[in-house]
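First the proteins, then the strands, lettered A, B, ... as listed; each starts at 1. Here the structure is a predicted model, which is why all the values come from computation and not from measurement. Note: hydrogens, waters and symmetry copies are ignored here, and every other heavy atom, side chains too, is used.
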Number of protein chains: 2
Amino acid sequence: MTSDRDQLLRAAADHLARRPNATQDEIAKAIGISRATLHRHFAGRRELLAAVEESAVTRMDEALRAARLEEGTATQALHRLTTACEPVAPFLALLYTQGQDIPEQTHPGWEDIDERILELFRRGQRSGEFTPDLSAAWLTEAFYSLVAGAAWSVQSGRVAARDFQHMITDLLLHGVASAGRPSRETDR
Amino acid sequence: MTSDRDQLLRAAADHLARRPNATQDEIAKAIGISRATLHRHFAGRRELLAAVEESAVTRMDEALRAARLEEGTATQALHRLTTACEPVAPFLALLYTQGQDIPEQTHPGWEDIDERILELFRRGQRSGEFTPDLSAAWLTEAFYSLVAGAAWSVQSGRVAARDFQHMITDLLLHGVASAGRPSRETDR
DNA sequence: CTCTTTTGCGACATAAGTGTCTCAAAAGAC
DNA sequence: GTCTTTTGAGACACTTATGTCGCAAAAGAG
């Protein structure tokens with residue numbers, strides 16, 4: 001039984017998102033391999049988390065590239081961003097459980113990622129699509145929070161995976177108040 | 001130097017929110033007491049987290065009671081809820097780092113709390129104030145996510161504490177898109 | 001099929017963190 | 001001021017988890 005490292009990483013990340021204090025022994029059991037094998041791939045918790053983060057940064061980078069945030073309206077770009085983030089969401093949810101200082105301080109890649117998302121919100125504000133009443137910093141934080149929250153809800157079965165993109169962007173763009181909400185076609 | 005248990009709990013929770021894997025030794029140092037004293041108040045990590053959760057449930061219960069969610073419009077109630085949650089937000093942020101299964105499974109109090117928030121969103125949907133396009137389950141999850149995200153942002157200095165209530169409810173009610181946003185007075 | 005690589009198991013060594021205890025010092029109460 | 005309570009420090013015992021190793025079995029490659 002040869003294990004695909006990426007698959008192991010994903011399964012381990014999933015388990016850790018639910019049980020952030022899990023031991024290596026517990027993780028190994030949960031994903032169906034031996035502790036020795038887990039150790040051969042990720043020599044301890046530190047290295048496992050570092051691999052998760054590395055993977056998250058790489059995938060977020062790819063997602064952002066695929067989303068081409070400078071093209072089209074800011075609203076369209078936000079849709080593309082959310083869709084592109086979906087496969088990375090479980091990783092982001094896990095990183096949230098490790099504390100807020102990890103992303104910013106341990107991997108330089110986050111700075112660039114944050115800056116690009118921040119710039120999207122700023123662009124939307126400059127173009128008049130997005131309100132200037134809420135700071136771009138808060139909007140970026142809110143975006144991450146909603147993505148992580150959605151990932152957890154999907155994982156726990158409270159909401160359907162197919163609604164991921166829609167529920168985040170709909171709430172982020174239009175909020176919950178009925179008054180002022182666009183009809184279904186106005187977004188595009 | 002006599003330590004106030006509640007104050008210790010608060011300080012420990014703050015530290016743990018930033019460093020979820022911190023040892024008791026590290027926590028004790030960070031909050032300025034000895035490990036022995038920390039142990040006298042909270043006999044180990046398990047007991048510390050249990051105290052945090054107990055405190056969070058109690059405070060959320062009080063917050064919900066103070067917010068009187070059945071009174072007035074759902075929109076008004078949401079404002080009151082967010083304001084009332086503010087002092088509990090750092091505890092909620094910490095509980096997020098401990099995994100999503102902790103709140104629902106370890107303390108029965110969360111069920112009641114969740115149900116009351118869920119009911120607020122449902123009430124808003126029934127009255128036509130809130131859109132039926134987004135599930136109440138997602139809205140409840142999103143509410144928690146934004147509260148935790150705001151708590152982290154305030155803690156890290158990225159946004160100002162005085163903006164807590166406004167930035168959450170504004171985003172949750174109206175979203176970020178300029179089109180369709182109410183003027184400043186339409187909320188009340 | 002053979003040969004190579006990967007894996008799991010079990011045992012034990014090692015490391016890190018927690019629990020416990022004593023006692024003097026510090027702080028609180030009156 | 002005296003007496004009581006709380007605290008911190010240090011030492012050591014205990015617990016838990018991780019690291020390491022050898023080797024046979026399982027799996028993969030050709």
Side-chain angles (χ1 to χ4, degrees), chain A residues 1-56 91 93-102 105-107, chain B residues 1-56 91 93-102 105-107:
Chain A
M1 167 160 36
T2 300
S3 319
D4 176 56
R5 189 175 187 268
D6 266 7
Q7 241 181 342
L8 286 191
L9 189 59
R10 175 59 189 261
D14 280 351
H15 185 77
L16 266 169
R18 265 177 279 126
R19 307 246 329 137
N21 295 303
T23 60
Q24 297 292 92
D25 202 27
E26 182 185 323
I27 294 164
K29 285 193 177 80
I31 68 180
I33 60 174
S34 73
R35 180 159 68 80
T37 300
L38 182 63
H39 191 81
R40 286 186 187 110
H41 287 277
F42 313 105
R45 182 185 180 84
R46 178 182 290 262
E47 197 171 304
L48 176 59
L49 288 174
V52 167
E53 194 185 10
E54 179 71 47
S55 183
F91 285 71
L94 168 57
L95 291 176
Y96 251 90
T97 70
Q98 301 304 316
Q100 60 173 322
D101 55 358
I102 297 253
Q105 291 177 21
T106 57
H107 197 111
Chain B
M1 166 161 33
T2 302
S3 318
D4 177 58
R5 189 175 188 267
D6 266 7
Q7 242 181 337
L8 286 190
L9 189 59
R10 176 58 190 261
D14 280 352
H15 185 77
L16 266 169
R18 266 176 278 123
R19 306 255 318 146
N21 294 306
T23 61
Q24 296 293 91
D25 202 28
E26 180 185 321
I27 295 164
K29 283 194 176 79
I31 68 180
I33 61 173
S34 73
R35 182 157 68 82
T37 301
L38 181 65
H39 192 81
R40 287 190 186 106
H41 287 276
F42 313 105
R45 181 184 182 86
R46 178 182 289 261
E47 199 172 302
L48 177 57
L49 287 175
V52 167
E53 195 184 10
E54 181 70 45
S55 183
F91 285 72
L94 167 58
L95 291 176
Y96 253 90
T97 69
Q98 300 305 315
Q100 62 173 320
D101 55 355
I102 297 257
Q105 291 179 21
T106 56
H107 198 112

Inter-residue atom distance [X].[atom1] - [Y].[atom2], 0.5 Å rounding:
{"X": "B:Gln98", "Y": "A:Arg19", "atom1": "CD", "atom2": "CZ", "result": "10.5 Å"}
{"X": "A:Leu94", "Y": "A:His15", "atom1": "CG", "atom2": "NE2", "result": "11.0 Å"}
{"X": "A:Leu38", "Y": "A:Gln24", "atom1": "CG", "atom2": "CD", "result": "5.0 Å"}

Identify the pairs formed between an N or O of the protein and an N or O of nucleotides 18-25 of chain D at a distance under 3.5 Å, and give each distance.
from: D:dT18; atom 1: OP1; to: A:Gln24; atom 2: N; distance (Å): 2.9
from: D:dT18; atom 1: OP2; to: A:Gln24; atom 2: N; distance (Å): 3.4
from: D:dG19; atom 1: OP2; to: A:His39; atom 2: ND1; distance (Å): 2.8
from: D:dG19; atom 1: N7; to: A:Arg35; atom 2: NH1; distance (Å): 3.0
from: D:dG19; atom 1: O6; to: A:Arg35; atom 2: NH2; distance (Å): 3.2

Taking only side-chain N and O atoms of B:Thr37, does any of them lie within less than 4.0 angstrom of OP1 or OP2 on D:dT7?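 No, because none of the side-chain N or O atoms of B:Thr37 sits under 4.0 Å from OP1 or OP2 of D:dT7.
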Hey, does the side chain of A:His41 come within less than 4.0 Å of C:dT7's phosphate (OP1/OP2), counting only N and O?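 For C:dT7, OP1/OP2 do have a side-chain N/O of A:His41 under 4.0 Å.
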Counting only pairs under 3.5 Å, give me each side-chain donor-acceptor contact of residues 42-52 of chain A, with atom names and distances, residues two or more places apart or in other chains.
from: A:Arg45; atom 1: NH1; to: A:Ala22; atom 2: O; distance (Å): 3.1
from: A:Arg45; atom 1: NH2; to: A:Pro20; atom 2: O; distance (Å): 2.6
from: A:Arg45; atom 1: NH2; to: B:Asn21; atom 2: OD1; distance (Å): 3.4
from: A:Glu47; atom 1: OE2; to: A:Ala43; atom 2: N; distance (Å): 3.4

Distance-only criterion, 3.5 Å: show the donor-acceptor pairs between side-chain atoms of residues 5-12 of chain A and protein atoms not counting sequence neighbours.
none

Separation of [X] atom [atom1] from [N] atom [atom2], in whole Å?
{"X": "B:Arg46", "N": "C:dG17", "atom1": "CZ", "atom2": "C1'", "answer": "16 Å"}
{"X": "A:Lys29", "N": "C:dG8", "atom1": "NZ", "atom2": "C1'", "answer": "12 Å"}
{"X": "A:Ile27", "N": "D:dA17", "atom1": "CD1", "atom2": "P", "answer": "12 Å"}
{"X": "B:Glu47", "N": "C:dG19", "atom1": "CD", "atom2": "C1'", "answer": "13 Å"}

Only counting residues at least two apart or in another chain, list the ones meeting side chain to side chain donor-acceptor pair (under 3.5 Å) with B:Ser34.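 Testing B:Ser34 for side chain to side chain donor-acceptor pair (under 3.5 Å), a comparison that skips the adjacent residues, returns B:Thr37.
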When you measure from every atom of DNA chain C, which of residues 5-12 of chain A have a heavy atom less than 4.0 Å away?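 Here the set is empty: none.
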Divergence of helical axes at both termini of the helix from C:dC1-D:dG30 to C:dC30-D:dG1 - five pairs an end, 10° steps: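 Here the local axes at opposite ends form an angle of 60°.
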Grab the two heavy atoms, one from A:Thr97 and one from A:Ala17, that are nearest each other, plus how far apart they are.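 Distance-wise, the nearest heavy atoms are CG2-O, 4.1 Å.
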So does B:Asp14 pair up with B:Arg18, basic N to acidic O under 4.0 Å?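 Between B:Arg18 and B:Asp14 there is no salt bridge, as every charged N stays at least 4.0 Å from the carboxylate O atoms.
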